[in-house]
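So the structure is just underneath, and the comments pick up after that.
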Amino acid sequence: MQNPTIVIGVIGADCHAVGNKVLDRVFTMHNFNVINLGVMVSQDEYIDAAIETGAQAIVVSSIYGHGEVDCIGMRENCIERGIGEILLYVGGNLVIGKHDFSEIETKFKDMGFNSVFAPDSDLELVCSLMKRDIGCIRQAEEVAEGVQ
Ligand code: B12
């Protein structure tokens, strides 16, 4: 079974670069094939990279507090471009100011993200969760292929 491919990057006009490097390192160490677009990434750039590489997931970071605005329409954009089923994850300092994380989570899930992560998330657990999700999707695809 091939290592899962994931596209990562920091969305919008956000130039915070350090967390992105940390995520790249951790995900690579956990045997993900990481396509790292770096900072200041547009929705279309993530989607282009996901289509080009056949990625199973897009992992969006937002650190500067404008994540909500930058992420609006991401799922719809994926659907329009033909990758509507791709796993979408988002994490970081997603909004400005102090908010209950459950509110933030609900907001981003309503936008179509599969999982939403706080900045202090345990990255080992995040890797396990992403592997589990990708495994489920691969299994469902195998079943669908078997039926045809
Ligand atoms: C260094 C820094 C800068 C540098 C960035 C240099 C660079 N190129 O990297 C400079 C000076 C340029 C900068 C600018 C700004 N910054 Co600044 N910056 C910081 C600072 C001090 C450290 C950031 C950092 O490197 N952290 C270390 C890394 C390892 O942590 P991280 O980035 O959070 O990433 C981790 C997690 O978030 C998480 N994570 C991230 N994405 C994802 C995704 C998933 C799926 C998962 C699971 C986890 C995850 O995992 C990462 C690795 O552990 C923080 C304060 C702080 N202590 O965090 C403020 C901070 C991020 N900055 C802030 C702000 C407001 C700004 C500016 C808007 C300020 C201004 N008015 O100009 C600008 C924005 C510029 C821009 N266009 O992006 C705010 C953001 C507030 C918010 N979101 O509510 C912070 C929190 C400071 C504060 N307390 O107010 N900044």
Side-chain angles (χ1 to χ4, degrees), residues 1-81 83-141:
M1 179 78 59
Q2 260 188 336
N3 287 347
T5 298
I6 58 174
V7 175
I8 74 168
V10 187
I11 197 165
D14 194 335
C15 74
H16 292 93
V18 182
N20 169 259
K21 299 253 184 274
V22 173
L23 294 184
D24 188 335
R25 196 68 184 271
V26 174
F27 294 154
T28 302
M29 272 167 40
H30 283 79
N31 298 321
F32 288 93
N33 175 30
V34 178
I35 313 297
N36 187 356
L37 304 180
V39 298
M40 301 179 75
V41 180
S42 69
Q43 289 192 9
D44 282 333
E45 286 170 326
Y46 288 106
I47 295 169
D48 289 343
I51 293 170
E52 272 167 33
T53 61
Q56 281 79 41
I58 294 176
V59 183
V60 173
S61 290
S62 179
I63 311 297
Y64 69 166
H66 304 289
E68 194 182 340
V69 172
D70 291 335
C71 289
I72 287 174
M74 182 83 183
R75 175 62 73 189
E76 290 76 6
N77 208 347
C78 290
I79 294 168
E80 261 174 41
R81 303 278 310 275
I83 54 164
E85 300 300 313
I86 195 163
L87 290 163
L88 286 181
Y89 301 109
V90 66
N93 302 313
L94 293 171
V95 295
I96 294 171
K98 284 212 183 339
H99 294 268
D100 193 4
F101 182 71
S102 65
E103 278 174 39
I104 300 172
E105 188 178 25
T106 305
K107 201 170 270 183
F108 281 81
K109 283 198 165 171
D110 286 348
M111 283 195 241
F113 284 86
N114 296 81
S115 295
V116 185
F117 299 99
D120 59 353
S121 296
D122 179 337
L123 296 179
E124 303 280 323
L125 292 180
V126 173
C127 289
S128 305
L129 180 143
M130 294 199 303
K131 280 193 180 155
R132 191 200 63 196
D133 288 353
I134 290 168
C136 287
I137 284 185
R138 281 178 165 170
Q139 250 181 354
E141 281 170 358

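These numbers were taken from a predicted model, which means no experiment stands behind them. What you see below is based on every heavy atom in this structure, not just the backbone, and it leaves out hydrogens, waters and symmetry mates. Counting starts at 1 for both ligands and their atoms, in listed order. Nothing fancy with the numbering, it's 1 onward along the sequence.
Nearest to atom 44 (C) of ligand 1 by heavy-atom distance, out of Cys127, Gly91, Gly65, is Gly91. Of the listed options Gly12, Cys15, Ala17, Cys15 places a heavy atom closest to atom 78 (O) of ligand 1. Within the set Asp122, Val22, Asp120, the minimum heavy-atom distance to atom 52 (C) of ligand 1 is found for Val22.
For atom 7 (C) of ligand 1, a protein heavy-atom neighbour is present inside the 4.0 Å cut-off. Remark: atom 61 (C) of ligand 1 lies closer than 4.0 Å to at least one protein heavy atom. Atom 89 (N) of ligand 1 is never approached by the protein to below 4.0 angstrom, counting heavy atoms only. Remark: atom 16 (N) of ligand 1 lies closer than 4.0 Å to at least one protein heavy atom. For atom 37 (O) of ligand 1, a protein heavy-atom neighbour is present inside the 4.0 Å cut-off. Taking a distance limit of 4.0 Å, we find that atom 71 (N) of ligand 1 is approached by no protein heavy atom. Within 4.0 Å of atom 10 (C) of ligand 1, not a single protein heavy atom is present. For atom 47 (C) of ligand 1, a protein non-hydrogen atom is found at a distance below 4.0 Å.
Here the side chain of Gln56 pairs no donor or acceptor atom with the backbone of Gly135 at under 3.5 angstrom. Side-chain N or O atoms of Arg81 include none that pairs as donor or acceptor with a backbone N or O of Ile47 at under 3.5 Å.
A pairwise comparison of heavy atoms in Val39 and Ala17 identifies CG1-CA, 3.8 Å as the closest pair. The nearest pair of heavy atoms linking Cys127 to Phe27 is SG-CD2, 3.7 Å. Counting all heavy atoms, side chain and backbone alike, Lys131 lies closest to Phe32 at CG-CZ, 3.6 Å. Minimum heavy-atom separation, Val7 to Ala55: CG2-CB, 3.8 Å. When all heavy atoms of Cys71 and Val90 are compared, the pair lying nearest together is SG-CG2, 4.2 Å.
Ser42 and Asp44 are not linked by any side-chain donor-acceptor pair at a separation below 3.5 angstrom, with hydrogens and angles left out of the test.
At least one heavy atom of Val95 sits closer than 4.0 Å to an atom of ligand 1.
With a 4.0 Å heavy-atom cut-off, ligand 1 is reached by the backbone of Asp14 and by its side chain too. Contact annotation for Val60 and ligand 1: only backbone heavy atoms (N, CA, C, O) come within less than 4.0 Å of the ligand. Contact annotation for Asn93 and ligand 1: heavy atoms of both the backbone and the side chain come within less than 4.0 Å of the ligand.
Within a 6.0 Å radius of CD in Glu85, no more than 12 heavy atoms belonging to other residues, nucleotides or ligands are found.
Nearest protein heavy-atom contact of atom 24 (C) of ligand 1 is Val18 CB, 4.4 Å.
Between Arg75 and Asn114 the shortest side-chain heavy-atom distance falls below 4.5 Å. When side chains are defined from C-beta on, Tyr46 counts as touching Ile11, because their heavy atoms get closer than 4.5 Å. Ile8 has its side chain out of reach of Ile35: every pair of non-hydrogen atoms, C-beta onward, lies at least 4.5 Å apart.
Within a radius of less than 2.8 Å around atom 17 (Co) of ligand 1, the protein N, O or S atoms are His16 NE2.
Where the criterion is an N or O separation shorter than 3.5 Å, residue side chain and backbone included, Ser61 meets it with respect to ligand 1. An N or O contact shorter than 3.5 Å is missing between Leu23 and ligand 1 by distance.
Within the structure, every pair that satisfies the side chain to side chain donor-acceptor pair (under 3.5 Å) test and touches residues 13-30, not counting sequence neighbours, is listed here: Asp14-His16, Asn20-Asn36, Asp24-Thr28, Asp24-Asn36, His30-Glu124.
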